[in-house]
Amino acid sequence: MFDYLTFGLLAQLFINGILFGTMYGLAAIGLSLIFGTMRIIFLSQGAVIILMAYCCYWLFTLFKIDPYLSIPIIGLAAMVLGAGIYQGLFRRAVKMEDKNITLLIAVGLMFLIENLMAVMWTPNPRSISTGYTSSSIPVGGLAISFTRLMGFVMAMLSTAGVTLFLKRTLVGKAVRAASEDIEAARLVGISPHWVNTIAFAIGIGLCGIAGIALSTTYPFDPYFGFIFSLKAMIALALGGLGSVFGALLGGIILGTLESWSSFFISGGWADAVSYGVFLLVLLFKPEGLLVRSVKKV
Amino acid sequence: MSHSDTLLRVDKISISFGGLAVLTDVNLKVDEGELVGLIGPNGAGKSTLFNVISSIYKPDTGDVFLKGKKITGIAPHKLCRMGISRTYQLVKTFNKMTALENVMVGAIYGHKHGGSDAKTRAIDAMSLVGIEDKQNILVSHLTLSDRRLVEVARSLASSPLVTLLDEPMAGLNVSEIKTLLTVIKRAREERKISILWVEHKVDAIFRTCDRVAVLNYGAKIADGKPEEIAKDSKVIEAYLGESLTRN
Amino acid sequence: MKSKRIFWWFGLLCSIPIICLVFSNFAMAAGKEILIGAPVHMTGPLAPDGLELKWAYEQAVADWNKKGGIFIKSANKKLPIRLVFADDESEPAKVAGAIEKLIKVDKVDLLLGTHSATMSVPAINTAEKYQMVYHCTTHWPEMFRDQKAKWASVMFFSAVGASEVPFIIWETLLKKEDRPKNVALLMEDSPDGQAFGGGFRSHAKTHGVTFAVDEPWAIGAKDYSSMILKMKAKNVDAILLYGAPTDAITLVRQIKEAKLNVKYMHGWKGTWAVEFAQALGKDANYVICDGFWSEEFPYPLCKELGKRYTDKFKKRSVSIGAFYGTAQVLFMAIERAKSYDKTAVRDALRNAEYKGTVMGDLKFDEIGLALFPSTANQWWDGKQMLFYPPVKGGYQLKLAPEWGKR
Amino acid sequence: MKNLKPITSVVLATLLLGLIPFVSDSEKSYLVYFLFLTFCHIVLTQGWNLVAGYTGQVSLGTHAFFALGAYTTAMIWRADLFSWENYYFDPVTMILSGLVPVIFALAIGIPLLSKLHGDYFALGTLGFGEILKVVCIKGGQFTGGPIGIMLPSSVYTTMRPHYWTALFLAFLATGVVYFMTKSRVGLALVAISEDETAASSSGIYILKYKVLAFAISAFLSGLCGSLYAYYLFQVSPEGFLILRWTLYPVLMCVIGGSGTVVGPILGSLLMTAVFTVTSIYLPGIHPIFSGIIIILVMLFMPNGIIRLWKKGV
């Protein structure tokens with residue numbers, strides 16, 4: 001049945017899966033930071049990614065700014081937006097015990113962003129077409145998509161950046177402390193609002209990066225983002241909630257899984273396989289594949 | 001070793017979290033009708049021991065016995081019906097319910113025969129702790145001390161053989177402590193309930209308990225009559241060390 | 001406390017008649033105009049199609065009203081047409097709600113249809129309940145026959161018929177040595193995709209073609225490399241695909257990235273959107289798309305309609321004619337019946353022939369179904385060029401060379 | 001006696017609402033459809049309320065059970081399972097459509113609820129819904145694939161049975177929630193939602209009650225799905241297995257006031273009205289307003305409108 005399988009084909013499949021999965025990973029890191037400090041499932045993550053993709057599209061069509069040159073502009077704008085979202089929408093809600101509220105605010109925000117985009121840019125799909133769109137780099141008989149490779153590089157760099165930030169800076173340490181134990185963090189004098197603002201700014205800032213990676217690779221429409229939120233959540237659960245590196249790796253695992261299952265089973269079943277694996281992980285290793293088991297408290 | 005009237009026996013319990021040993025080879029027993037105090041400095045493992053007894057944690061080694069029957073790893077709700085009830089250091093009442101409803105939970109679900117006479121038992125327990133006049137008040141509107149009493153009443157309403165009290169006096173003022181002391185004494189005298197009592201207020205323990213056990217760094221360092229313990233050099237050292245760092 | 005509670009319940013009960021009032025009193029005085037309702041996707045993923053549909057209906061109404069409307073016997077004069085829309089939010093459950101609203105709140109006389117088969121099934125079911133004329137396009141005749149609707153009428157091509165188009169093209173327009181040998185069939189997992197997929201498979205048998213790859217295509221999937229690798233491994237030289245525009249763009253981009261050379265790529269639904277060509281630029285050349293209609297059709301008004309559309313949206317369309325024609329046929333039916341009474345209009349849409357529409361001549365059978373042929377166009381420098389059915393002196397199909405040689 | 005007050009009002013309101021089809025022509029008045037939709041929302045919302053509002057387990061799988069109910073009805077009808085003449089509003093079919101989701105709820109609820117807490121349970125139920133969707137799309141002849149199962153709409157005569165059944169189900173759901181929460185089971189549910197450790201050490205078998213609430217909620221959702229299948233006459237993944245059928249109940253419950261009996265009713269009524277009215281008056285942009293309303297309500301009335309009133313008491 002698979003008589004056409006060759007080593008090169010398998011290698012290509014593998015690379016494609018990894019490159020594809022980093023997209024999920026990028027979205028998942030943002031989710032993980034936000035979840036880590038605030039225990040919010042930020043369902044509008046995907047919608048924000050698409051919003052950023054539209055911004056990138058705008059900069060490209062109106063001002064002829066190359067998508068990769070727009071990284072600093074969009075990254076910064078996204079961070080400001082993230083801080084704004086926290087201060088404007090979640091600051092009040094984060095104190096409340098009922099977690100449904102933050103979930104619903106995220107849902108409301110998703111409705112709002114999706115449909116604002118539909119009104120502003122029409123629901124027709126948009127895409128960025130540059131000289132390097134659909135070009136690929138040949139590496140030893142394999143074809144590696146340029147835009148996706150760039151996406152991978154951006155994901156790696158930003159993960160490294162975020163990790164360094166969390167490990168080396170005082171604010172970063174505060175964010176880490178808060179995601180481990182919010183009570184303890186409060187005791188040592190870390191203002192939770194400050195930490196949450198930073199986490200949101202970085203989380204949404206990563207949405208900006210993901211938006212650029214997405215807009216250079218795929219066409220998008222206002223409703224394209226929700227599936228990203230879902231997949232990022234799965235990636236997060238695979239990698240373990242609240243771990244930056246785990247989230248990226250979770251995304252890569254998910255991407256590889258989908259690419260393999262759509263090759264060996266069928267494209268239509270790829271989603272079922274990834275959700276199935278997700279359920280199994282939840283059942284047997286709910287703390288995530290990459291986190292060492294800790295006793296239940 | 002097995003006393004005829006030993007009610008609760010903890011046998012060589014060890015547990016560690018992430019490589020950090022919290023309890024090592026702890027033995028402890030509570031006889032029928034006995035009031036046992038468990039003291040020790042912060043982080044000595046008192047609450048962990050409680051959590052092991054009430055099956056919230058599973059020990060790495062060692063077992064817990066109730067009336068000679070092994071109960072290690074039995075689900076907490078079953079333990080409660082078998083006769084072990086408890087309170088928590090940070091009060092865990094159901095704040096959206098009234099005081100009576102809180103106690104009713106213990107009376108209905110904690111009792112081995114279910115809740116045929118639950119309401120009577122609940123009201124009995126409430127009058128025992130002296131809060132029968134607050135039955136219909138939402139617990140979220142009660143003071144901390146009253147919420148503790150609700151919690152004690154809830155644990156008594158399940159007609160336990162033994163009750164584990166986890167620092168019931170934390171955060172209470174002098175007169176509230178006095179009330180609680182009377183409640184503990186009454187519970188024991190009127191209901192013949194055995195009590196294992198963790199407390200930071202050492203003087204209260206020494207004044208009330210039949211026997212006192214001392215934990216330090218996860219190991220039992222002393223066990224005996226209050227007056228013996230008060231003189232024990234290891235205990236004094238453990239506490240002295242702590243009181244120095246604390247003040 | 002007690003009085004407040006009673007007050008609360010009182011308020012709740014009072015609010016019901018208020019809601020009652022809000023939802024009634026919409027009806028216009030009858031006999032002054034012909035009120036036609038249409039559910040349209042204004043929001044949700046199908047909104048791009050919905051907005052075209054809406055525009056085309058509005059054009060048709062404006063054209064008829066310019067002529068003074070339609071002569072109605074009972075009023076003994078020409079009455080103007082008024083259109084009301086309801087948003088069906090691209091959702092089957094909401095299209096039912098939209099139709100309920102049009103019938104009960106706006107009290108429309110007749111209904112024009114929404115777009116896509118997924119939405120048409122519940123829409124027709126709901127219209128049937130109130131015995132309301134529902135005249136639509138883009139609904140599969142096969143499914144429509146199954147529904148046994150008494151009040152609905154459909155004008156479209158059949159998926160089975162349309163799916164024969166590529167095979168006919170190969171046999172009539174290509175030289176023998178150019179005909180594809182290894183064909184891949186990539187069909188979206190949707191009712192439309194399934195209908196087409198079934199059609200292709202049965203026609204492939206009669207035309208002696210076997211599919212080297214036959215993969216369902218998950219909606220919204222972002223990575224097609226597995227599919228492409230499979231096609232590469234099997235030396236695929238022709239692709240028949242059915243999917244949404246975003247999916248189709250992504251697929252073609254990834255095909256180019258993987259350097260998969262296909263000389264014949266024929267797509268349905270996703271490939272005719274202008275965004276497809278915009279996103280792909282020169283890479284869209286040689287890709288073949290289907291169409292409901294073409295402004296190059298030799299029928300009246302086609303050129304003008306195409307021009308109006310291009311003036312307004314700065315692009316070409318291969319679909320608006322079908323939407324315009326749907327409204328046109330409904331108005332012709334009213335004209336023929338000289339009445340907008342629903343029974344009369346329904347009867348006028350059965351066993352009847354309408355000539356000179358933008359879709360050509362249409363013949364409705366006894367269940368209210370009229371078929372028109374599907375077209376095939378090839379993208380060439382940002383324009384869909386009609387080549388099937390062949391028009392004299394029209395565009396000729398080109399086979400795609402390798403990526404490097406374009 | 002005091003506890004009887006709200007229930008008498010609900011019974012009274014139900015009876016009054018039951019009269020509406022006699023007063024208002026069900027074939028011509030939008031009100032009947034509007035209320036039908038509202039009642040459907042109440043059923044789903046009460047089901048979610050029982051699981052999340054009372055037991056504290058946020059489930060995102062309402063749409064899965066709703067769709068399971070609808071598919072069960074459609075399959076029984078299509079397969080002519082009992083060789084009956086009529087499956088339209090057949091009580092046995094409807095009850096079976098409620099029970100099939102219960103079986104699934106037990107099958108996924110027991111492992112998920114014994115292992116998972118909080119957010120994980122939400123993600124798990126969400127995953128279940130997505131798997132079900134793929135299975136239905138890929139189910140071939142059995143599930144009808146992406147087209148789903150078409151039912152003969154010719155049996156339809158009037159909207160009245162839909163209206164009354166929906167009203168009855170809404171009443172049933174409210175009644176179930178009311179009696180469950182007023183009974184001893186309710187004590188256990190609330191205790192679990194407030195503090196699982198304390199509930200467990202007070203003798204409550206947590207898993208049992210969580211699964212019970214989850215199963216009842218699945219039953220109610222299944223019944224509602226069956227009813228909606230009788231309304232739409234087509235059961236398809238796109239019509240039933242969409243997340244909206246979960247998000248709406250969540251929204252309505254929280255906006256009305258979760259963990260209360262009346263809150264979900266108010267929330268359903270209000271939000272159905274808001275969605276309907278904005279859809280009529282603001283076509284094309286209404287989801288923006290829905291989004292804004294959700295955010296504003298959550299920011300300024302996070303405990304639901306019911307508690308605004310209670311605060312005043």
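First the proteins, then the strands, lettered A, B, ... as listed; each starts at 1. Only this structure's heavy atoms are used, side chains among them; waters, hydrogens and symmetry mates stay out. Please read these numbers as outputs of a predicted model, since none were measured by experiment.
Side-chain atoms of C:Glu257 and A:Ser136 form no donor-acceptor pair, as typed in the model, at a separation below 3.5 Å.
The number of heavy atoms from other shown groups lying within 6.0 Å of NZ (C:Lys259) is above 12.
A:Ser134 places none of its side-chain heavy atoms less than 4.5 Å from the side chain of C:Val252. Between A:Tyr223 and C:Thr43 there is a side-chain heavy-atom pair separated by less than 4.5 Å. For the pair A:Pro219/C:Thr250, a side-chain contact is recorded, criterion being any heavy-atom separation below 4.5 Å from C-beta on. In this structure the side chain of A:Asn124 reaches within 4.5 angstrom of the side chain of C:Lys315, judged on heavy atoms.
Under a 3.5 Å cut-off, the side chain of C:Ser226 and the backbone N or O of A:Ser259 do form a donor-acceptor pair. A distance-only check finds a donor-acceptor pair linking the side chain of C:Arg253 to the backbone of A:Thr217 [under 3.5 Å].
Of the two parts of C:Leu51, only the side chain, counted from C-beta on, holds a non-hydrogen atom closer than 4.5 Å to a non-hydrogen atom of chain A. Residue contact with chain C, scored on non-hydrogen atoms closer than 4.5 Å, is absent for A:Phe226. Of the atoms belonging to A:Ser261, not a single heavy atom falls under 4.5 Å from chain C.
C:Asp223 contributes atom CG, which lies 6.5 Å from atom OG of A:Ser262 (distance to the nearest 0.5 angstrom). Considering CD1 of C:Ile228 and CZ of A:Phe263, their distance stands at 12.0 Å, rounded to 0.5 Å.
Under the rule for a side-chain hydrogen bond (donor to acceptor under 3.5 Å, both in side chains), A:Tyr68 has no partner lying at least two apart in sequence or in another chain.
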